[in-house]
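Note sheet for the following structure.
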Amino acid sequence: MFDYLEQQLTARLEALGWSSDRLQFSRPKKKENGDWATNVAMTLARDLKRSPIQIAEELMAGWQYDQSIVAKFIIVQPGFINFFQSSDYLLTQLQQVLDIGDDFGKGTTGAGKTAQVEFVSANPTGPLTVGHGRQTVLGDTLSSILTWSGYEVTREYYFNNAGRQMRLLGESLKARYLELKGLKMALPDGGYEGEYLINVARNLLADQPDLDADSDIDLFKSFAEESIFAIIKSSLDRIGVKHDVFYNERSLYETGKIDEVLALLREQGLIYEKDGATWFKTSELGIEQDRVLVKSSGEPTYRLPDIAYHREKIARGFDLVVDIFGADHIDAYPDVLSALKVMDLKTDHIHVVIHQFVTLLRSGEVVKMSTRKANFVTLDELIDEVGADVVRYFYIMRSASSHLNFDLDLAKRQTEENPVFYLQYANARISSIFRRAKERGLDTNIEGADLTLLNEEFTIALINETLTFPEVIDHCLRSLEVHHLPSYLFELATALHKFYTEYKVIDLDQPELSQARLALLEAVQITLRNGLRILGISAPDHM
RNA sequence: GCCCCUGUAGCUCAGCAGGAUAGAGCAACGCUUUCCUAAAGCGUAGGUCAGGUGUUCGAAUCACCUCAGGGGUACCA
């Protein structure tokens, strides 16, 4: 209908010699204002120096519209033109949902295109925390939206298993290991104090009991890395996330990509040495101060491999690249982009989604989180407490740019009034009605149902809500914000519950009407299931 | 100091490609179950959209300023 209106109105504007540049349509909030509206008459009023109402009337005078799409249109103060869809159109759309089924809502925006989503990317120094969890679910859900829109998506995890932090980790494990053998040894300065490392040390002791203070640190380091990666991957698995590529930063050194970047930047005269370190002259690129790329110790800072990695992302030819970062990484992003631009690379297709922090509340107190300190809450613990479905929903129900308050007590206490269960219940309710309908001997085959019987107020509302699904997916895609989807599904569930209380689906005296209503419920269930599938939340048939 | 995010109902937050009377959940109060799952539905109450100025026919939405909270501003990642 949108396409039809746009094409029709554009033609009419042009016929009158008026500009169609500012033609736009919106969905009115109130149903008395129709299904689609345009404000074009008001935006033209200034240029044409006439009243919006007059303009609208002249524009629409004598319009012969397709009655299988548009039922009527009205011109109202202060100058809106409101369009009402025909019931033919509505029911045709509904029939299409039934025909398309599991594919309802899929878009073609990304057809034939590739996308890469980088998320989590936590180094293997500790279990995933509640903070990582947000990024995990955000990235995974966004990936699903992209897949749903036709993209071929690569979910990627970038990690670094070398450098100062990993060395500290190895030393921390060594200290824990020796501690278990009764040898008092202090953790290194700034070392990892978390309990999980004691467990890793226990496993190492069981595996290799003969290590001592003189043993090679690399041994501890690699054992720690393997153990912790196993923990991380198990958390990801529990929450239903699977990465396609684990990209090791080290490979950038081995293939010489790091040196290439340095050479390219040097060619541009943007590299200099000072105090034994190698500096990137970011001050020439509009950034406040210069940055160190290689420390005086010879080790690069994280910026250099980040630049090389993103150069590789571009070289790998993705049509769309999305980085999901926590707010603490916000500073690196402009450096990386400016470096890429200096190297004459196109960066328009690289998008960065920055999510704000998760504040965890327990008993009304803010829980401080730090991987290196002992007191943090892991994603695993969170899943243990509230379950994977609830965790996934809570993480994406808010926009990424909002600070997220995750109240553990509330999440646990409220399990029965949780929005997740509200959605799942809507789905289960439909399944239940179908089961009951069969028991009562109704024909639950919806083929050939007479949809024209669906004409009551809340029925129409439910159909409209169902048909909005593709627009919601599109909105998520354009904004790279996934929280619109859970909001929408919640509204759809509300419309369903409302419908359920108003009308009886199973009515043995009116089998045709029952069949038509079952057909509608089928369409609603298709939509709920498709939506929940994207969110990675289960859709049980019983509650 | 500078950069990013945020400020909307008691609480948690949607809405922010400018549109018509600003929404939801929770909390509060009241109502609905001989009938397809009440994990539901309906109603009442609750707002100077942080404050100010500007742009516009029209601003919660855009611009600028101020205030408040969070994050960053490392030869940590």
Side-chain angles (χ1 to χ4, degrees), chain A residues 24 26 28-30 32-33 37-39 42-43 45-46 51-52 76-80 82 121-123 125 159-160 163-166 168 190 274-279 287-289 291-303 305-306 326-334 354-357 359 371-372 397-407 410 414-422 424-426 428-437 439-440 442 475 478-479 483-484 486-487 490-491 493-494 496-507 514 517-518 521 542-543:
Chain A
Q24 49 177 281
S26 59
K29 281 180 228 158
K30 308 278 177 194
E32 59 265 31
N33 288 329
T38 181
N39 60 354
M42 286 180 284
T43 58
R46 191 180 171 80
S51 88
V76 295
Q77 290 288 352
F80 288 105
N82 296 335
S121 296
N123 287 337
T125 57
F159 70 99
N160 166 14
R164 197 175 94 89
Q165 293 305 324
M166 289 304 290
L168 263 176
K274 192 180 98 186
D275 304 331
T278 303
W279 293 72
I287 289 168
E288 205 183 2
Q289 49 190 287
R291 307 288 192 187
V292 170
L293 291 185
V294 183
K295 300 184 238 174
S296 52
S297 66
E299 284 179 350
T301 63
Y302 65 94
R303 277 171 225 276
D306 269 6
D328 53 339
H329 279 64
I330 202 161
D331 215 52
Y333 166 59
I354 290 169
H355 69 87
Q356 296 300 312
F357 272 23
T359 306
T371 314
R372 280 174 235 177
M397 66 194 283
R398 307 298 181 212
S399 81
S401 59
S402 282
H403 294 254
L404 180 68
N405 279 318
F406 205 123
D407 189 326
L410 206 70
Q414 279 188 345
T415 27
E416 300 217 326
E417 292 178 7
N418 212 296
V420 183
F421 297 122
Y422 184 82
Q424 292 180 326
Y425 178 55
R429 199 167 221 185
I430 295 173
S431 297
S432 163
I433 292 169
F434 271 94
R435 280 194 300 271
R436 185 55 66 93
E439 278 169 31
R440 298 270 178 91
L442 264 179
H475 191 192
R478 284 169 195 271
S479 60
H483 68 281
H484 300 113
S487 307
F490 193 90
E491 281 168 25
T494 303
L496 172 80
H497 290 311
K498 176 77 178 160
F499 168 84
Y500 174 89
T501 37
E502 285 306 317
Y503 314 112
K504 207 155 163 52
V505 177
I506 299 173
D507 185 345
S514 292
R517 286 178 173 164
L518 285 171
L521 289 190
H542 299 266
M543 296 287 291

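Labels below follow one simple rule: chain letters A, B, ... track the order of the sequence lines, proteins then strands, and each chain is numbered from 1. All values reported here derive from a predicted model rather than from experimental measurement.
- Backbone-only engagement by A:His497 is indicated by non-hydrogen atom pairs under 4.0 Å involving sugar-phosphate atoms exclusively.
- Secondary structure note: stems in RNA chain B built from 3 or more consecutive Watson-Crick or G-U wobble pairs under 3.5 Å occupy B:1-7 with B:67-73, B:10-13 with B:23-26, B:28-32 with B:40-44, B:50-54 with B:62-66.
- Judged as a ring pair (Phe, Tyr, Trp, His ring centres under 6.0 Å), and not counting sequence neighbours, A:Tyr302 has no contacts.
- Remark: the backbone N or O of A:Phe490 is paired with a side-chain donor or acceptor of A:Thr494 at under 3.5 angstrom.
- In this structure, A:His483 reaches the B:G15 phosphate: one of its side-chain N or O atoms is under 4.0 Å from OP1 or OP2.
- For the pair A:Thr501 and B:C42, the criterion of a side-chain N or O lying under 4.0 Å from OP1 or OP2 is not met.
- Ranked by how close their nearest RNA chain B nucleotide is to the 5' end, A:Val76 and A:Lys295 are led by A:Val76.
- Contacts of A:Arg436 with the nucleic acid, taken as non-hydrogen atoms under 4.0 Å apart, involve only primed sugar atoms and P, OP1 or OP2.
- With hydrogens and angles disregarded, a donor-acceptor distance shorter than 3.5 Å links the side chain of A:Ser514 to the backbone of A:Asp507.
- At whole-Å resolution of the value, CG in A:Asn82 and C1' in B:A20 are 9 Å apart.
- Taking 3.5 Å as the limit, the base of B:C75 and the side chain of A:Ser296 contain a donor-acceptor pair of atoms between them.
- Residue A:Phe406 is out of contact with every strand shown, counting any heavy-atom pair closer than 4.0 Å.
- In this structure, A:Tyr500 reaches the bases: a heavy-atom distance under 4.0 Å links it to at least one base atom across the strands shown.
- Relative to the side chain of A:His329, the nucleotides B:A38, B:A77, B:A24 differ in distance, and B:A77 lies closest.
- Note on A:Asn405: a side-chain N or O is less than 4.0 Å away from OP1 or OP2 of B:C13.
- OP1 or OP2 of B:G41 lies within a sub-4.0 Å distance of a side-chain N or O belonging to A:Tyr422.
- Where stacking is scored as ring centres under 5.5 Å apart with planes under 30°, A:Phe80 does not register as stacked on the base of B:G19.
- Using a 4.0 Å heavy-atom criterion, one finds that A:Ser399 contacts the sugar-phosphate atoms exclusively.
- The distance from atom CZ of A:Arg291 to atom P of B:A74 is 6 Å, rounded to the nearest whole Å.
- Residue A:Ala437 is classed as having no contact, given no heavy-atom separation below 4.0 Å to the nucleic acid.
- As judged by a 4.0 angstrom heavy-atom cut-off over every strand, A:Pro52 is placed among residues making no nucleic acid contact.
- At a threshold of 4.0 angstrom between heavy atoms, the contacts of A:Lys498 are confined to the sugar-phosphate backbone, with no base atom among them.
- For B:A77, its base never sits under 3.5 Å from the side chain of A:Asp306 at any donor and acceptor pair.
- For B:G71, the base has no donor-acceptor partner in the side chain of A:Asp328 [N/O atoms by modelled type, under 3.5 angstrom].
- At the heavy-atom level, A:Gln24 lies under 4.0 Å from the strands shown only through sugar-phosphate atoms.
- Contact between the side-chain N/O atoms of A:Gln289 and the OP1/OP2 oxygens of B:C3 is not found at any separation under 4.0 Å.
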